[in-house]
**Q** 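Starting off with a structure, shown below.
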Amino acid sequence: MHEKYQPQVVEEKWQANWAANQTFRVETDPTREKFYALEMLPYPSGKIHIGHVRNYSIGDAYAWYKRLRGFNVLHPMGWDAFGMPAENAAIKNNARPDDWTLSNIAAMRAQLQRMGFSYDWSREVASCTPEYYRWNQWIFIQLFKKGLLYRKKAVVNWCPDCNTSLANEQAEGGFCWRHATTPVEQRELEQWFVKMTNYCEELLAGINGELRDGWVGHVLKRQQDWIGRSDGAFVDFEVAGSPEVKIRVFTTRVDTIFGANAIIIAPEHPILKTLLSDAPNKKEVEAFAEKLAAMTPRERTESKEKEGVPTGLFAVNPFNGEELPIWTANFVLANYGTGALMSVPAHDERDYEFSRKYKLPIRRVIFGDIEDDGNSTLKFNELPYLDYGMLGPHCGDYTGMTSEKARQALAEFAKDKGFGESNVVYRIRDWGISRQRAWGTPIPMIHCPACGTISPEKEENLPVELPKDLDFSIGAPLANHAGFHAGVVCPACGADARRDTDTMDTFVDSNWYYFRYTDPKNTDLPFDPEVVKYWMPVDFYIGGDEHAVMHLIYTRAWSMMMRDIGLNHFGEPVKRLMTQGMVILDGRKMSKSEGHFVDPDEMIARYGADATRLSILFAAPVDREVDWKRVKDENGFNEYPAAEGALRFLARVWRLAHKWRERCLTVGDSQPVEFSEVQAAARRGTHRGLKRTTEAFEDGLRLNVAVAACMETTNALYEFDGTISGEGSATDAFVMREGLTALTLMLAPLTPHIAEELWAELGHAESVSKATWMAFDEKLAADAQLEIPVQVNGKLRGKLLVAPDIAEEDLKTAAFADEKVKPFTDGKDVVKVIVVPKRLVNIVVK
RNA sequence: GCCGGGGUGGCGGAAUGGUAGACGCAGCGGACUUAAAAUCCGCUGCUCCGCAAGGGGCGUGCGGGUUCGAGUCCCGCCCUCGGCACCA
């Protein structure tokens, strides 16, 4: 141990030691309780950024802590290695995407190792390897056979920058998830879809049950909104004059149906074509539909202005026979509900706005109070009335019924008469996973031009490998690669056939990568269900919350689907989910192109990995944003005051340990029987620190508080050190050794390199990762004397120094006797005295 | 518009309904040093009275309420940061 703390030397020494000894390698061990700590795997862009550093520092701290608590901890890392940037680099630089990706992985792995994260690298996976994507294909085929995956022609989101289709989740808000300023377009394509909608209820049940306590609330909320369950009813409206044509609408407020004034259908609705053949306003409607079709979804919603065109046709309200005009309008979505709705202006804001604009009649049918009679129809300023209430006049047999009752009764009536039924509609739609890109998992399906079938590749032929020599200078490299299709025969008829030339969405890869970590070398199955039984589900998962309705919802459904094909035995794959806050720099988002970003390499070089980790953990609670501050030193180099402070603290710990290391080694096993007041105070600092750290880890992972506790303990030990002249006694050495041992264990999850060094200096031959967390002693952590505040009428007036076990009566007496308290109580009526043992005394006077 | 998170010193942030501001950053002072750096120790919410020792008042976005006691609980607002936004 050098006298001076040199982070680079210490860190490189222990990183080499860990690698040589495979310190963090774990095996399935049914005799031990497991803990699975997981961080979201990165895309190998080439460099890790400070957000990764924060994410992994948090995960690593927790993995370390659980290890010290005796768990068999699985803590793996891998690479989400398919995706566009590699393909773009291939197009631009004529490089091979696998070379580009693999060299990025090597560079980033080195960076992570230089940060000293405690991963079991023997379990590393990269999704772009055939060993991995082979199982994407295998699972794809099982899902296809099970009917959970199907092919359909559909209008899908298209990103012109990605040059591929996107899932709805990847086009939220009308923009591509990768290109935040590129509005998505709509295209009609044949696509493979995953039946997310089969799992709506199970996904919701998890949100409202199993996951309630373990998952961070806003992610559950967003998933719930995204699934978007609506309870309502379908009602069929016949077209006047052609009763064989029916328009089905969905409504959550069938109780308002007597106030309907129109049927409005989406311009893309297929029924429009049927209707138009003899619609009086055919031309106008077609022109309107064409105009809208030319717009991106974004453009359509950006202008809030509601626009519509009447078809000139009418539909019949099945409940009262009224003829309602059939319109088409821009605000009716083709892909929600039935693509058609009944307009009830008195009880819906949108319909109200639309009806006012086009001067359609408005009739109120729901009233807060039935006394509020039909005259209210004219009180437009009270409309729209959105609450439930009582059905008023014009509601036939239902007049006087509550909305709740009427919803049921009307739906039942419709069902009896065959023109509708109650129904549940979801906003979430099936997940389109075909991508028109070449750097992804080939879809293992064979299209036969001879017999017209599409059938899965034989399992023994998997993986369907991505050719190494794809030509990215032309469009559609897979379609145009002869070798990719050579020798492919139709499994159904044996004729020459062609492969599907799309690849899978990369979110398929990340659906189950953490299952693969449990059994990464398996060549017979994606993973052995028995191994998964031991390790899964994930106990702790942390990553960015941008994946709330992408990765985090896909992966839940995927786990359920894998269960349904017999791979695993549970539905929910993750018990506890946290999201870390963003890291911003000097008050604004980082931007590589503007040079406004933090380079982790630079920080490691200047402060070391330990100080870098410590500073970012200390900066804020894990779920809150960190505003990283940067200043320039006199030479123009970047300085990070937070890391500066962390380094200063670690050096302080180092110096104390260095000063005492020899004396600590002389301490025997037997504990001294008596301790002086200063020694007891030092032990109080030690045990209090342990207590605070333990609670910080156990209660919500409050790592910034854990760091503070380490600093407090260090300060207490320094204070103790200051009282010792010369060598000190054997008891002093015991107390210091106890303190340094505790401090080392407390630091191990936060700054593992220095902890390893301190641990070795304390005389241990094995890695601190094999050590056991120290239990704190509540008695030793307690104060020798308590400072009890005395309040008069709730205001602090004095403080008493008393023994912790003082009797309540004595405490009361002492409070009244206190010189500072007296002036406020003398000559006043004491109404009551509140004594909270060990906490305070409050005297209430009049 | 709807739904969340958050408003505490110069700054990041601590506080099971019980001494608000732990810990750190920045700042100030002292010790050590020929000097500086480093280090160690101390002070540091605002304000008023006092030469001082001391002491008083105010203080967790704003206004109410519950309570002996509120940063914390309840009601009503304001500001701010995110998310979703014609979902029938």
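Naming convention: chains lettered A, B, ... in sequence-line order (proteins, then strands); numbering from 1 in each chain. Side chains included, hydrogens not; waters and symmetry mates left out as well; all remaining heavy atoms used.
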**Q** Assess whether atom NZ of A/Lys632 is packed by more than 12 heavy atoms of other residues, nucleotides or ligands within 6.0 Å.
**A** yes
**Q** List in chain and number order the residues that pass side chain to side chain donor-acceptor pair (under 3.5 Å) with A/Glu644, two or more places apart in sequence or in another chain; answer none if no residue qualifies.
**A** A/Tyr607
**Q** Taking only residues two or more places apart in sequence, or in another chain, which ones meet A/Ser422 in a side chain to side chain donor-acceptor pair (under 3.5 Å)?
**A** none
**Q** Quote, to the nearest angstrom, the P distance that separates B/rA26 from B/rC81.
**A** 29 Å
**Q** If a pair satisfies side-chain hydrogen bond (donor to acceptor under 3.5 Å, both in side chains) and one of its residues is in residues 699-712 of chain A, list it, with sequence neighbours excluded.
**A** A/Arg692-A/Glu712
**Q** What nucleotide among B/rC86, B/rC23, B/rA88 has an atom nearest to a side-chain atom of A/Lys306?
**A** B/rC86
**Q** Sequence neighbours left out, what passes side chain to side chain contact (heavy atoms under 4.5 Å, CB included) with A/Lys357? Give chain and number order.
**A** A/Glu305, A/Glu307
**Q** Check side chain to side chain contact (heavy atoms under 4.5 Å, CB included) between A/Asp231 and all other residues, then give those that pass, not counting sequence neighbours.
**A** A/Arg229, A/Arg407, A/Val424
**Q** Are A/Phe618 and A/Met711 close enough that some pair of their side-chain heavy atoms sits under 4.5 Å apart?
**A** yes
**Q** Under 6.0 Å between ring centres, would you say that holds for A/Phe237 and A/Phe319?
**A** no
**Q** Roughly how many Å is it from OH in A/Tyr640 to P in B/rA26, rounded to a whole number?
**A** 16 Å
**Q** Scan A/Val332 against the nucleic acid and name what it touches under 4.0 Å (heavy atoms): base, sugar-phosphate only, or nothing.
**A** base
**Q** Going 5' to 3' through nucleotides 14-20 of chain B, assign each nucleotide B (protein heavy atom under 4.0 Å from a base atom), S (under 4.0 Å only from sugar-phosphate atoms) or - (no protein heavy atom that close).
**A** SSB-BB-
**Q** For A/Phe618 and A/Leu333, find the nucleotide of RNA chain B closest to each by heavy atoms; which residue's nucleotide sits nearer the 5' end?
**A** A/Phe618
**Q** Would you measure the distance from the C1' atom in B/rU44 across to the matching atom in B/rG30 and give it in whole Å?
**A** 15 Å
**Q** Can you tell me, in whole Å, how much space there is between the P of B/rU60 and that of B/rG24?
**A** 26 Å
**Q** Rounding to a whole Å, what distance do you find between A/Leu750:CG and B/rC23:C1'?
**A** 14 Å
**Q** Does one side chain, of A/Asn423 or A/Arg248, offer a donor that lies under 3.5 Å from an acceptor on the other?
**A** no
**Q** Quick check on B/rG9: syn or anti? Syn means the glycosidic torsion is within 90 degrees of zero.
**A** syn
**Q** Please give the distance between the C1' atoms of B/rU8 and B/rC79 as a whole number of Å.
**A** 16 Å
**Q** Could you tell me if A/Trp431 and A/Glu169 have a donor-acceptor pair between their side chains, going purely by distance under 3.5 Å?
**A** no
**Q** How far does the C1' atom of B/rG64 sit from the matching atom of B/rA70, given to the nearest Å?
**A** 14 Å
**Q** For residues 786-795 of chain A, run the donor-acceptor check on the side chains, cut-off 3.5 Å, and write out each pair with its distance to 0.1 Å, sequence neighbours left out.
**A**
| unit_1 | atom_1 | unit_2 | atom_2 | d |
| --- | --- | --- | --- | --- |
| A/Asn793 | OD1 | A/Val845 | N | 2.9 |
| A/Asn793 | ND2 | A/Val845 | O | 3.4 |

**Q** Produce a footprint string for nucleotides 40-46 of chain B: one letter per nucleotide, 5' end first; B if the base is under 4.0 Å from any protein heavy atom, S if only the sugar-phosphate is, - if neither.
**A** SS-----
**Q** What nitrogen or oxygen pairs link the protein and nucleotides 58-61 of chain B at under 3.5 Å?
**A**
| unit_1 | atom_1 | unit_2 | atom_2 | d |
| --- | --- | --- | --- | --- |
| B/rC58 | OP2 | A/Lys795 | NZ | 3.0 |

**Q** Go ahead and write out RNA chain B as dot-bracket, 5' to 3': ( ) for pairs within the strand, [ ] for ones crossing earlier pairs, | when the partner sits on another strand, dots for unpaired; Watson-Crick or G-U wobble, both distances under 3.5 Å.
**A** (((((((..(((.....[....))).(((((.......))))).(((((....)))))..(((((..]....))))))))))))....
**Q** What does the list of N/O pairs under 3.5 Å between the protein and nucleotides 82-85 of chain B look like, with a distance for each?
**A**
| unit_1 | atom_1 | unit_2 | atom_2 | d |
| --- | --- | --- | --- | --- |
| B/rG83 | O2' | A/Arg222 | NE | 3.3 |
| B/rC84 | OP1 | A/Glu172 | OE2 | 3.4 |

**Q** Give the rounded distance in Å between these two atoms: CD of A/Glu712 and P of B/rA22.
**A** 10 Å
**Q** What does A/Lys4 touch in the nucleic acid at a heavy-atom separation under 4.0 angstrom: a base, only the sugar-phosphate, or nothing?
**A** nothing
**Q** Does A/Arg429 reach a base, just sugar-phosphate, or nothing at all? Heavy atoms under 4.0 Å.
**A** nothing
**Q** With sequence neighbours left out, write down each residue that passes side chain to side chain contact (heavy atoms under 4.5 Å, CB included) with A/Val831, or none if nothing qualifies.
**A** A/Val844, A/Lys846
**Q** Can you establish whether the number of heavy atoms outside A/Glu349 located under 6.0 Å from its atom CD is more than 12?
**A** no
**Q** Should the pair A/Trp654 and A/Tyr5 be assigned to parallel (<30°), tilted (30 to 60°) or perpendicular (>60°) ring geometry?
**A** tilted
**Q** Just the rounded figure in Å: distance from C1' of B/rA88 to CZ of A/Arg229.
**A** 16 Å
